[in-house]
Each structure stands twice: as C-alpha cells, then as structure tokens.
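A, B, ... follow the sequence lines: proteins, then strands. Residue 1 opens every chain.
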Amino acid sequence: MSLELLDGGAAMAEAAIAAGCRFFTGYPMSPFTGLLEEMSRRLPAAGGVCLNAESEIEGVNMTLGAAAAGARAATGSCGQGIALMQEAIAEAALNETPFVVFNLARNQQDYFQATRGGGWGDYRTITLAPKDVPEAVEHTQLLFHLADKHRAPVMLYGDPLLAQTRVGVDVQPRDFGPLPAKDWVLDGTGGGTGRSRQIWTWAMGKANDPGPGPDGHWRAIADKFDRIAAEEQRHEESMVDDAETVVVAFGTAAKFVEHVVAGLRAEGHRIGWFRPVTLWPFPGAALRRATTGARNVLVFELNAGQMLDDVRIHAADRDAVRFVGGVSIAESGLSYGPLLDAPAIRERILGGAT
Amino acid sequence: MSLELLDGGAAMAEAAIAAGCRFFTGYPMSPFTGLLEEMSRRLPAAGGVCLNAESEIEGVNMTLGAAAAGARAATGSCGQGIALMQEAIAEAALNETPFVVFNLARNQQDYFQATRGGGWGDYRTITLAPKDVPEAVEHTQLLFHLADKHRAPVMLYGDPLLAQTRVGVDVQPRDFGPLPAKDWVLDGTGGGTGRSRQIWTWAMGKANDPGPGPDGHWRAIADKFDRIAAEEQRHEESMVDDAETVVVAFGTAAKFVEHVVAGLRAEGHRIGWFRPVTLWPFPGAALRRATTGARNVLVFELNAGQMLDDVRIHAADRDAVRFVGGVSIAESGLSYGPLLDAPAIRERILGGAT
Amino acid sequence: MIIDTSGPPVLPAKQVADFKPSLLLGEHSLCPGCGEPVALRILLEVLQELDIVQRTIGVVGHGCYGSFVRIMDVDVLQCLHGRAPACATGIKRVRPGVAVFTLQGDGDMANEGLQEVLHAAARGENITCVMLNNGVFGDTGGQQTATTVLGQRTKTSIDGRDPELHGYPIPVADLVASLRGSAYVARGAVSTAAGVLQAKRMLRKAFQTQLDGAGFSLVEILTMCPTGWFVPTAEGPTYQQGTMEQTYGIGELVTR
Amino acid sequence: MIIDTSGPPVLPAKQVADFKPSLLLGEHSLCPGCGEPVALRILLEVLQELDIVQRTIGVVGHGCYGSFVRIMDVDVLQCLHGRAPACATGIKRVRPGVAVFTLQGDGDMANEGLQEVLHAAARGENITCVMLNNGVFGDTGGQQTATTVLGQRTKTSIDGRDPELHGYPIPVADLVASLRGSAYVARGAVSTAAGVLQAKRMLRKAFQTQLDGAGFSLVEILTMCPTGWFVPTAEGPTYQQGTMEQTYGIGELVTR
Amino acid sequence: MERELVVSGVGGQGIQLLAKTLALAATREGRYAMLAADYGGEMRGGPSKAAVVVGDAPLQALPILPSAWSAIFAHHRFAEGVQDRLRPGGIVVANTPLVDPSGFRPDLRVFAVDAMTAAKAVEAPQASGFVLLGAYNALTRMVEPAALVAAMEELLPPYRRQHAESNARAIAAGAATVEVSA
Amino acid sequence: MERELVVSGVGGQGIQLLAKTLALAATREGRYAMLAADYGGEMRGGPSKAAVVVGDAPLQALPILPSAWSAIFAHHRFAEGVQDRLRPGGIVVANTPLVDPSGFRPDLRVFAVDAMTAAKAVEAPQASGFVLLGAYNALTRMVEPAALVAAMEELLPPYRRQHAESNARAIAAGAATVEVSA
Amino acid sequence: MSRGTLVIDVDRCKGCELCLAACPPNVLSMSATVNEQGYRYPELHDGCTGCTACQIVCPDFVFAVYRFTPAS
Amino acid sequence: MSRGTLVIDVDRCKGCELCLAACPPNVLSMSATVNEQGYRYPELHDGCTGCTACQIVCPDFVFAVYRFTPAS
Ligand SMILES: Cc1ncc(C[n+]2csc(CCOP(=O)(O)OP(=O)(O)O)c2C)c(N)n1
Ligand SMILES: Cc1ncc(C[n+]2csc(CCOP(=O)(O)OP(=O)(O)O)c2C)c(N)n1
Ligand code: SF4
Ligand code: SF4
Ligand code: SF4
Ligand code: SF4
C-alpha cells in the first residue's frame, strides 16, 4: 500500500482512470473544477482524451457520443451546470448510453436534482453520495461498473468538502465482477450489412428490423429501473437496533452525524444513524427496518428538506419523521454555512429527539 | 356569454392575453407548438411581443429578462425543452422573477420534472394541472396571478389532449384580488441615485446597501416556499367520505378517472376520487383526510409511478397505496397509448381495488 | 405517344441510374417534393463511392430527416436536437479511424445548435457536418427558423419575416467558413439536377477532407420544403432559387 | 526627488482626472493588474457622458466582473452564465426606451453563450453587448476558453493550447460583424492609455448606435488577466499585445 | 344531453375539416361543442379520426370517447374498434363503396352514402367529406343546415373562397342522398 | 491516535502551503493525513484557514474539526472561535507580534514565535510560514524534521526551486526558536 | 428517336412534378390517372436522352434510367 | 519642471505597476515600502505632464490628475 495525498478531485481522477475511464469532458465550476484540471493533466498520459468542453451541454453530449462509441466516459459539473445537462442525462437513460456524471455540488440543495432528474420521461439516475474521499475513490470505480452493468448514466453527488479535502489515499483498480458484453456499441462497421446499429431514444429500429418503438422501449426502461431499484440499494447504519432516535443523513453531512451520534450514544442516549449510500435507489426497505421501533426519525440534510420526502415514504412510522436540517450557505455562496459543524448538529439532534 | 371554438393552445393564448401577458417566447415542439403559433398571431394585436426564440434556453431567458423589467411574461415547451429550461426556472425561483411556463407535455411522464425541478437549489414550482380546456383557461389566468403574488416562476402542466382538443369556451378576464406592488422591477431609472436596483440570485446587494447574501436570501426563499406550500394547495375530490377505494389522478387522466369512478359508484362500488389540482404544492392534508378509512388508495397516472411518491407521503395509510397506472405511449411517441381510455382504466381500477 | 416504362427496355441498353442507393433499407415518409431525400441519396452514394460504408457513424438530429435513421443502413446515433456536432466529437475522439458525420436541419443547426457547430469548427474537429437547410422547422409544421429568408411567411411569421421584428437570416456556412478550424466548407442546393450533382461533389470533398485528417468540414444543402413554404411542390425549386439561393449563394467557401 | 501626492496641489491647478467614476458605490476586489476594472470605468463614464444613467439597465454575466454588480450604481440584472443577450432582449423589447447593455467575459460569451450573442446580433436586437476578453476563465482560476490564444498555458491546457487537441481561438467580434443585424462592432484593448481611450470611443459609438435605434452593437475589449496568464502584473500589457492583440487585431469592424 | 359523433377515415379525406365544420356550426348556434382529433403524429397518409360532441350545457365528455351515439365511416382502413364503441341504436353513415354497409352490428342504424359519386354529380369532386357531413346532419339534425354551410364558409381560408359554392352543393347533395334513402 | 492541527491567518501568509507541507510529510512517512482548507471562495486577502490531521490508521476526523489538539495562529484576524475548539492542554504556536500570546486560555500551552524576525534573520523573509511550521513540529514531533524539509522541496514548483534552501533555513530557525524557549 | 429510356416505379411517386421541370428534352408529363397512393405520376414520351436528370432530382426514387447501346 | 501633478491614494494601490509603463515621461517609480494592503505603490518624480495616462490605465482608481494653470 502506498498512500498519496490527494484532494477529492485528484483522487476521483485517479480512481476514474483506474476504472478505465478514457474520455472526459468538463467545464469549470467550483468545486468541480479541480477534477477537470486533474483529468486534463492525468488522462492524456493514460491514453485518454480530456476535452475542455465549451459548455456543459456540449460536454455532456460529447460524453454521450464517446460512450455510444464504446468508451468508458464521464463528465461533471455542479448546480446550474448539472441543470443544463438534464436533457442529455435523461436522453442517455432512455437510449441506454452509460457514463458517469460527477456532480460536485456546492452543497446539499441539489438532492432532488440528482434523484428526481428534471430531464424528461420515466428515468432514474443511480446516485452515490460518498461521505469522504476514500469512499469517493471506491464509488467512482463502482459507478463505472454500474453504468456498464445497467447501460445507464449514473451520478456521484459530492460537495466542496469532498472535492477539496486532501487525504492520504491508495487508489487501486477494483474488480466488481463480470459485465455484459458491449455488443450494442456503435463502431461504424454495421454499414451496408443490413444489420447496421442504432442508438435511438425512441427505439424505432430500422425499416428491415423494427424496434420496440417508444411504448415498448419506455416500458422496458421503466422495468429496468424497477430492477435496478430492487438490486442496487446500498446503505450503512449503526446502533439502530435499540434506538429511540434514528438520524438519517447522506454524504458529508452523514459523516458529521455519525460523529455526533457516536458521541451521544457514548453519553447514554439511545440513538443510532442511518445513511443512504445510494440516494437513488433509496434504501427504503433497510430504512424501514432500521426505524422500526424508533420514536424519532430525524432527517439532517443541508437544504430545505429534500431527502425528507424519501424518508417519509419509507420510515417505519411516517409520523415519527422530523426535519432537523436546514439551508446553510457560506457567505461566498460556494460552500456550507455554520450548520455543517458537529456542535451545531448535536444541538439540532438533541432538539429533535424529544 | 359568447362561446368560441378554440383548441387548448388557442384558448390558453386568449386566456394569457386576457390575464395581461404581454411578452411570450417559444420554440416549436409538439404539442406546445400550437400555443406558440397562436401567441405569434394574437399577441402583437394586443400590444405585446411574441418572439420566435432561437432555442428554449434563449426563450426562457428572454422571458426572465422581460419579467425582470416588469412585464407579465410567459414561455413554454415540453419534455426536452423544459429540461433545457430548468437552469433558468431555478434561477428565476431564486432571484424571484415571476413568469409562467406552459409545459404542454407529450404525456404524464414529466411529473417529477415539473414538481421536483431539476434545476438547482431549494426551490419549488407552483404547478397546476388542468383536466380540460375550460379549466386550462382558468388556470392560465390564475397562474399569472400566482406568479406575481409570490414573485416566482409557475407552471401549467398539460398534455396533447389538453393542447389540441377544441372546445367551446368563453375567455373573460378574471380578477383574483389585489397583488403586491411590483416595486422591485428594473425600469432603468435607478442609475446614479445610490439606490439603483438589482436582481441577483445571490442577493449580495450593492456595496452601499448590502443584501442578505446567499445564506440569508436562500433561507428566506425556502421559507417563502414553505408558505406557498401551506397557502396554495388546491384539489378536487368526490365521493370519498364513505369510500373503500379512493383513486388519485391528475390532469387529463383525472378526467377519465372521474368518469370511470362515477360509473363504478353508480354500479354500487364504494369508490371515490381525489385530484390534486396543484401538483406542487401537493394537497397533502386534503389527501390524508380524503383517504382516511380507505382500504385502497389507487394511483392512476400515465407513467412509471411518479405522483406515487407524493401519495405515499400523504395518504392516511401508506400501505393502502397501490399503483394502477403505467407507461403508455402512442406509436408516434407524441401522445398516449391505449391505457388512456375509460374501459382500460376501469379494468385497472377494478384490479387494484381488491 | 407514351412509352412503356413498366420494365427494363427490350432493346439492348445499359442501366445508368438505379432507383435508390443500395444503402436504403425501406421507404421514407417525407412529403411530396421534399428536397431532403435527394440529399440523403447523394450522401449515401458518397459513402459507397469512397468505400467507407463499413467505417462510418452518422449522428442524426431532430427534423423530418430524423426518420432517415430507420432507413439508412449505416451505424447511427440519433441524438438530441442541435447536439449532433458535440456527439460526433465524442465519437470521433474515441474512434479516430471511423468517418463521422452529422445530419441536421437548419432548425437543428442554426437555431438549437448554432453553438455546437461553431465550436466544433473552431476546434477543427475532424468530422463532417451536413446541414439540410429548408429555412423552416419542417417537422413541427413550418415555423420560422434562424435561416428563414426575409419576407417568408411561416406559421410564426404570418405576415412574412420582418427584420425589424424577427431579425435577419443567418448564413451558417459563412460563419463556419470564417473559423480557422474549418478545412472544407461549401453550400449547395438540390433544386436542379446540376445542383444535386454539385452538392454531391461537395459532400465527397468534405468526406475526403475528413479522411485526410485535415480538419472540420461542412456542407450546407438548400432543400425544398413545399409543405413548410406553402407552395405547390412543382414550384419548390424555382421558389428556392428565387429566395434561399439568392440570399445565401451557392459555392465553395473554404477549400484547403 | 519624490513629489508629495498626498493631497491636491497648492499651486493653482485644474483637476483633469478623478479617481473613479462617480457611479461606483465601493471598491472592487479584483486582482492586481486586472484589465476589467479599467473597462468598467470607461463604460460607466460613457453612460454619464451620454446622460443615460437614469434610463439604463445592465445585464451582467458570470466571471470576475460579476462582482461589479455590487459597485455599479446602475439598475442591473445578474443573469445566468452566458445568457445575458437573451435576458437583455427580453428587457429591451419590454422597455424600448431604456438603454440595455450586457457585460460578459470571453468564457461567458464565447463559450457558454456564443449562441445567444450571435442570435441576438442576427436578430438586430437593439442592445449593446460588451465582452471583456481575457482569454481565460478568470473567476474559476484560469482554464482555457474558446478565445485562449494558441500556445497559451492554462490550467486545462498545461502544455499550451495546441490546435490539434484544443482547436483554434474564436474571434467573436468578427463572427458578430459578419451578421446582417449588426450595426456597430469593434474590438479594443486596455493595455495602453491610448487603447483605453479608443475602447471608450468604441463604447460610446456602440451606445449611440443603440440610442439611434440602428441595431445590434458589440464591443469586445481585450483585458489583462495576469493571474490567469501566470505572468507578473507589470508584464500583462506587453504579454497581451504580443498574444491576444496579435491574434485578434484592434479596430472597428462594422460601422453603419 | 350530449350527442357524440366519431368520424374515421384516412388522411386526405377531409375528416378533420368535416368534424371541425360540425363543431363550429354548433358553437355558432350558441351550444357547447368539443372536437377531439387524432391523427397519428408525423405520419402522413395514415389514420385520421375525429370526435365531435355537442350539448346544451358545459360538456362532460372525455376527449377519447368511451361510447358514442353516432359515427361516420369514410374508409374501411383504421376503422377497427370504432363500431364497438357505438351505443345500441347508434346512427352510422357508411361511405360506399369504400365501406361495406352490411358489415355492421345489427343494432346500429346504418345509412349508405356513395359520397364520391354524389360529389362528382354536383361537380364538387374534392368535397366528398362534405357530402358525408350533409348526409349525417340530415339524419341527425345535429345543427341547422344553414349553420353548417355558414361554418364551412367561415373555415375557408381566403385563397379557397372559390370552393364555398361547390362545398355547399356537396352538403346539400349529402342531405339529399339520405332524404331519398330514408 | 489522531492528532489535529488548525492553522489560522490571512491570505498571503503561506497558511495553505504550511499545512500542505506537514500533511505531505506525514503521508511520505506512510501515515494517514488529512488536510482541509477553508479559504472563503473568490475573496482575495481574506481569511485563510487549514486543518491537518495525522494518524496511523485510516482517519475518522471530520473535515471541519469539532476539537483540536493544537493550533498555529499566524494572525489575530479571523482567529475567533479557533481557540474555543482546542482541547485542554492544547499546544498553540502564536506568531508574535501579530498575535498576542497572553490572550489565550490558561489551559493551553502557548509558544510565542516571532516568525518574521526569525525568517529575516536567516534571510528568508518570504518564509515566515515555514518558521511557524518548524517551531510547531519541533514542539510536537508530528513528523521527522527531515520529512518536513523533503515535503517542502517536493511541493516547490520548478520555477521556485531556488527557495528550497531558504525555506529549509526557515524551518530550522523555527525549530530553534522553540527549542530555546522550551 | 430516344437515346435512352426509363423504368418508372409509378406507385412510389408522390406527384411532386420535380422530374418534369428537370428533364432537359422535356419528355415527361403527368398521368391523367392516379397511382395507388392517389398521386398522378410521370409518363415518358419520345426523346429521352438517358441523361438521368429525372432520377437525380426525384425525392421518391421512382426512376431507373437506361441508355441504349448502339448495335455495334 | 512639471506641467501637472497627481494625488495618489496609495492605500488603494495593488502594486501592479501598470501606471509606470503607461507614463509617457516615465516619472513614476515604485515605493520601497508597502501600503496597508501590503503592496508597493507608485511615487511621482519631477516631470509629470498631467496627461492622465496613469489614471486611465490604473485598475484600482488610485490617481487624481491635475494640470497647473499658467499664472496668467
Ligand atoms: C429540445 C427540442 N426542442 C424542440 C424539439 C422539437 N422539434 C423536433 S423536429 C424540430 C424541427 C427541426 O427543424 P429542422 O432541423 O429545420 O428540420 P426539418 O424538419 O425542417 O427538416 C423541432 C423543433 C425537439 N425535438 N427538441
Ligand atoms: C452554467 C455555469 N457554468 C459554469 C459556471 C462557473 N463560472 C463562473 S465564473 C466562470 C468563468 C467566467 O469566465 P469569463 O466569462 O471569461 O470571465 P472572467 O472570470 O475571465 O472575467 C465560470 C465558468 C457558472 N456560473 N455557470
Ligand atoms: S415538412 Fe418539409 S422538410 Fe419535412 S418532409 Fe415535408 S417537405 Fe420535407
Ligand atoms: S482573475 Fe484575471 S480577470 Fe479575474 S480579477 Fe484576476 S486578473 Fe482580473
Ligand atoms: S420527381 Fe419523383 S415523386 Fe416527383 S413526380 Fe417525378 S417521379 Fe413522382
Ligand atoms: S496602476 Fe494603479 S494599482 Fe497598479 S501600481 Fe499603479 S497605482 Fe497601483
């Protein structure tokens, strides 16, 4: 094992390359910029291409093209930039082009954006929310695997602390098991054979070999996302079995919550925590189990209450759910305000656990 | 009263003009195109401006500009076009620029897109889903009022049947009561006075008069949306009091459900229906009341299950909720498939009401 | 006297032109008198003549020509409206040995995706973009695009395009030609047989430019849309000559 | 001998230049040697000289100049990255009597929003767009934009912009100038005092064009960004002259 | 009371114009009308269907009718399913010879109209759709005949004004066919 | 065991470089390090803070430390709140005269270092940050002194190589100040 | 005398008449009757040169063109 | 002899030195000491013409410029 001191951006860049990413596009936006800069430095040396996309829309569509041609490909941005990509992310979900979107956001106010899309049609985006840089390294690699496994765009949802904190990490390629053959890829060899290939959201097929068309295709896509929803839920939890109070949080905020809850438990509180690792699919069944018997299900997120919806849908007792998070933004607008801090969180949790 | 035979697009155009809309932009996309064409014909005669926006992004930003300058303004599109507008809709929600977005969609697969945004930050979009053309006329006028009342972008979510069905309607200006003064509008007169105006998502203010900044501003916005959520819920319901089965549906599909449920009730079934008129804010308290005592809460929507989330959050008994809708698309991709039909819906409802 | 044309001639004769290019898998459903199928024909013929059919990927935008995806026997990505040059860029960078082209309309390229094509050209991206310019959104029923000529009546400019209200048409090929990354840029028209042949030569040069690795190439082809122009099909070509071809001019703008 | 410059001279003297334009409400926080505050100064002076301060609305994009929103005593819409010309269009159509201008960078106008400015120009929109072109994304720390000159090292082109990989720089003013809706287009630079004065005359003509209702006007101003270029502040002007000004050229491109 | 008409045929037969004329006529009479069209998107020469509902109070009808009181069949293609929705006793106008009038349910009241022949007979060969409409309205008295002609005229674009007379003749000819056969 | 250092000062004092050097040195020693920086966005000349955590196993520390074992105060501005987070017995390096060493909680172990004077004394006026680091490390033995110098050299960009020696002198000078005062 | 001739796939024709104008010797005219799609279609008269112009402009791929080989 | 002179608001200066190069008679030089922001700032020597070049190029609005009025 050899540790390198990398910030989140560089660590994810290394991890992406280790996972076989060979095409990357990006447009600067804090705190995503670091990952872009690292990719522009590191990817060419690995035989890949990193393009300074002229805008987020061009970037995501370049990535879609590269993925359609068979490359492991990725792009990323944050906030407004992700908003601009929604059309293409939906398109890729519906025409089954796999790639990774690094959503290194300014805060947690984009949970709906990540989990409910905002593109069009019935699609969902597998979204992993690592709590720290080492986990981001693992998630990055896992995401390329999941994208190929399910032929779908997938997302990593991070924040400035994840993107910019430097930690000693050891990035090693990881094997997540076999994958289906990429026999759908456009390689240009189909022309004139009567079996030329097509990637098309409406799946109308060729005249000599009609596809399922939008109805059949989109129903199949909906079924696929149902399958993914069943298969890919991931979560972590601790001390929930006898807990009167379970605190639910994701991403960086969850790391803080773990710390605070551990402290409260040490002081004798019957409290535990639950962390959705996949924001979509939301680990609903696990949350239901984990909150069975809990009198308080507290949701801590740094926004006006977005994951709250998913917790309300799945918590064992919906009426036990209380929101203890809130909007908290730095003066610069670029990171969190004072609520992302262990003492403040402790206060909120104690206030909520009545 | 004098009836005119207007299709939904023309009826909404008339209604918008009656509501004082004087700026409109659009980019063709079925089934929104009709509204655009009608506006391009009718608005100039009313002293307004209708622009052939070169793209949806340009269109929505033109509309944002016109609204910032004080006009009642609107734009619209569907599906992918709305996806492209998400950045600007979020921006307008956060910088408090009021306008109306006509989301005349191809089907009901864009419920998340409408209700969960997909832009960035903590914002919500008041979304009305009329069930037919006469209601669309009312909603159109109400939306301009709500936009100004809350200084926020708002949305009408329709579909091809709403946009293209012709009905006899009588469009008259309606009065929804007094509105706050538009004292925030940019009129160009502030320069050099030391009190020049500013519209800015980050609300940093001028150097001589600092604004609340992103933290204060975005918390205030979150509070505002909480207030709207409390104030603006609208719904319709029928025969729910003694109902064993309550069917929840929105928009055109709800009109079909009403018809089917009325038939079933006439046959002796203890069944009723509930229709959210505002998709956001979702009329949760009313749904809870309406479903208290119901053994089956059936959700019929023409998608893979999106409003389902909101029903699960609010139904009296979450475990009574069952999905009886589904993806159903016409061969052309441009409208609904066979599931939007009274007999098919009847079957689904009977199947779900076990 | 009407000659029997129901089958091949009985007298000794050589076939000099066949019905349709062999790369077509079926019928198209475009309007009578539409110029787009003619452009499709010459595009496919060029791929065959250059012998690159089995190393070509097309990227097709949204417009009436979008339905060609079903009948072209070529690997195709049907992409989002306006985004073909970006998608093509991704494909080309990942598969530099493949010829990559886009097929777009004026609504697709001059409206929704003007930025994509200009950036791709500036980048000197080694792809070939084909624009079918009929001056209207055909597929949605004939509204004004950025290339609609002055005075043209469309469903969103019912009294004719008025520069005061609607601005001036954009000559896409000229804009592209002014960028340094462009290696071959031309504008053709399919309103006459000679025009079709000239447009075909342009397409051929454009693909050759790409095969030579010389940089970005674009061919803008003016095509009739009698439906969107509200003119009888037979008048399409002369209407086009008097309006679009006058406004834009035909010829090569960049050769390198 | 160092002269006392702590206060006004005691000998009879006429003040011929003041610290800052009176329309500034506070200090800016831009880097040492940045050219953008100089452009801001002349812009505000022009508004005053034309006596339109109280009938002007500015639309400001995203970049270092974005912080000018806090210090300009002018009605301002801070808009989304790249979208200023579209927002300005909406404002102008609703308030035709007001002078509407945009303030954008090269990242804002040549990257994210190239389409918006070209469409606005083609539309002959009666607004004035001001582009501060420093050839990098300054605000995000110095990455390559569409106007970065060849060879320039940036954080995303660390070995220098290479046309093979990154393409060629885009001369925005030239593109705009080629569109028929453009009534005044010019490119200036603030690397010398004479350049600043020339740029100011350009801005004045651009606003005058708008006041005359003659159509779209644009002034591209080349500004130093020593931070993003990784050069000492004092070398900014000469570096700019040897790179950007060489590549793009200074002068008026359209006058009508 | 709401009365429903469904019209079914192929693109180009004037289905949409026929339906629109009826709906407009009813509207001009001050009644409530609904017209729901269904013409498969971008496909050309494909199915063309329309539904018209007329009533004296704001309508409750669905835009896709679960059942109907009457129908016009202009072509045998794309007609599947339409018959099943007609209520017993429903009125059917069948455009012969394109539609076989003997192929209908026995509980329907079927009227055969050779629209093309009738149209040609009054030198309005382009107006066979209006023949069907004239016949239908003569049978159902959905609207006043004069209102139908007025609505047809109102819907003509300026450059088609010259067709007003021949269309009117076609409407009358249609009425005549059923007045004879009835 | 994890040991935390927080550093606080203003932009331009070399806060970030100091923290990075320590974290890299620990990493090169094969230990786990975390470096969390906090420099208020686009503002220039504003607050500059950093936190370094070092441990022998994968770290549990939060990127915003609820409490810390030690601190370096390079400037009195923006220092509010930092002291409150120090655990009793915490080690403090105070950069005099910019920071008043007498203003701290009595349960802290405060070491005053006149970094600027020491830096100038070894002809490394730009390197007062490294003086503070040298002093801190001498007090805490967080890493081997040689590792510190190696990390500093590794972090120098090529065009700043000429500063390696003077920075090293500054580190040593810093160590010297506390070895005397300790 | 004709130097060339055509095969006309009449049922594919959509009656646009582009071929008529394109034909240099002007030897095409539209039929009186309609094809199965309901369109009038071109008919060939004497004088075809086999120039292929009709085939080149036809959007519906209706023509194959032949040139008679001189009986050498 | 100077035809003009300056007021230099030294604390606003960020030490970029643009004014030095802009000054035609070359009568500005940078200070040895720093201002409150930590930057060296310009000092005026004899020979200012009051041409305003320094004021025109200064990004930090540091200069006011005066021209001496001939004691007529
Ligand atoms: C984002 C988006 N906006 C709008 C549309 C709707 N749309 C589909 S085809 C089309 C017209 C395209 O016109 P053009 O490219 O000129 O091609 P033509 O149909 O004239 O051949 C439009 C606007 C879309 N598919 N996507
Ligand atoms: C959609 C979107 N993408 C990215 C950003 C991030 N961003 C903010 S400022 C900026 C750089 C702007 O560069 P430029 O316009 O050249 O101005 P400069 O900072 O160089 O003055 C970027 C990319 C954004 N705000 N919005
Ligand atoms: S609408 Fe125009 S472009 Fe489209 S198929 Fe018809 S003629 Fe061609
Ligand atoms: S980064 Fe560049 S553009 Fe921005 S303030 Fe600094 S010098 Fe100016
Ligand atoms: S050009 Fe083709 S489709 Fe048109 S009339 Fe001639 S044969 Fe028919
Ligand atoms: S130009 Fe201005 S900021 Fe720069 S050194 Fe001169 S006075 Fe200072």
Report which part of [X] has an atom under 4.5 Å of a heavy atom belonging to chain B: side chain, backbone, both, or neither.
{"X": "D/Val94", "value": "side chain"}
{"X": "D/Val98", "value": "side chain"}
{"X": "D/Arg95", "value": "side chain"}
{"X": "D/Leu23", "value": "side chain"}
{"X": "D/Gln48", "value": "neither"}

> Rounded to the nearest 0.5 Å, what separation is found between the CZ atom of B/Phe23 and the OG1 atom of D/Thr89?
Replying inline: 7.5 Å
>> As an exercise, state the distance from CE of B/Met62 to CZ of D/Arg123, rounded to the nearest 0.5 Å.
In response: 3.5 Å
Looking at [options], which one has more heavy-atom pairs under 4.5 Å with chain D than the rest?
{"options": "B/Ile57, B/Leu186, B/Val49", "value": "B/Leu186"}
{"options": "B/Ala67, B/Gly205, B/Ala68", "value": "B/Gly205"}
{"options": "B/Val60, B/Leu51, B/Thr97, B/Leu64", "value": "B/Leu51"}
{"options": "B/Asn95, B/Asp209, B/Thr193", "value": "B/Thr193"}

Relative to chain D, which segment of [X] carries a heavy atom at a distance below 4.5 Å: side chain, backbone, both, or neither?
{"X": "B/Ala73", "result": "neither"}
{"X": "B/Asp187", "result": "both"}
{"X": "B/Arg195", "result": "backbone"}
{"X": "B/Ser55", "result": "side chain"}
{"X": "B/Thr63", "result": "neither"}
{"X": "B/Glu91", "result": "side chain"}

> Hey, which of D/Val74, D/Leu24, D/Ile52 has the most heavy atom pairs under 4.5 Å with chain B?
Replying inline: D/Val74
> When only pairs under 4.5 Å are counted, which of D/Thr56, D/Leu25, D/Val100 shares the most heavy-atom pairs with chain B?
Replying inline: D/Leu25
>> What verdict does the side chain to side chain contact (heavy atoms under 4.5 Å, CB included) test give for D/Arg83 and B/Glu87, after you've listed the backbone C-alpha separation in whole Å, the side-chain angles of each residue and the deciding distance to 0.1 Å?
In response: CA-CA 11 Å; D/Arg83 315 300 170 204; B/Glu87 186 200 22; 4.0 Å; yes
Should [X] and [Y] count as side-chain neighbours, where that means a heavy-atom distance under 4.5 Å?
{"X": "B/Trp202", "Y": "D/Gln78", "answer": "no"}
{"X": "B/Gln198", "Y": "D/Val60", "answer": "no"}
{"X": "D/Pro85", "Y": "B/Glu58", "answer": "no"}

Restricting to non-hydrogen atoms, name the atom on [X] and the atom on [Y] that form the minimum distance, rounded to 0.1 Å.
{"X": "B/Ala207", "Y": "D/Gly26", "result": "CB-CA, 4.0 Å"}
{"X": "D/Val69", "Y": "B/Lys206", "result": "O-NZ, 3.4 Å"}
{"X": "D/Ala86", "Y": "B/Asn61", "result": "CB-CB, 3.8 Å"}
{"X": "B/Ser196", "Y": "D/Asp73", "result": "OG-OD1, 2.6 Å"}

> Is there a side-chain hydrogen bond (donor to acceptor under 3.5 Å, both in side chains) between B/Glu54 and D/Gln115 once you walk through the steps?
Replying inline: CA-CA 9 Å; B/Glu54 289 86 350; D/Gln115 173 149 326; over 6 Å; no
> Is D/Lys14 atom NZ crowded by more than 12 heavy atoms from other residues, nucleotides or ligands, each under 6.0 Å away?
Replying inline: no
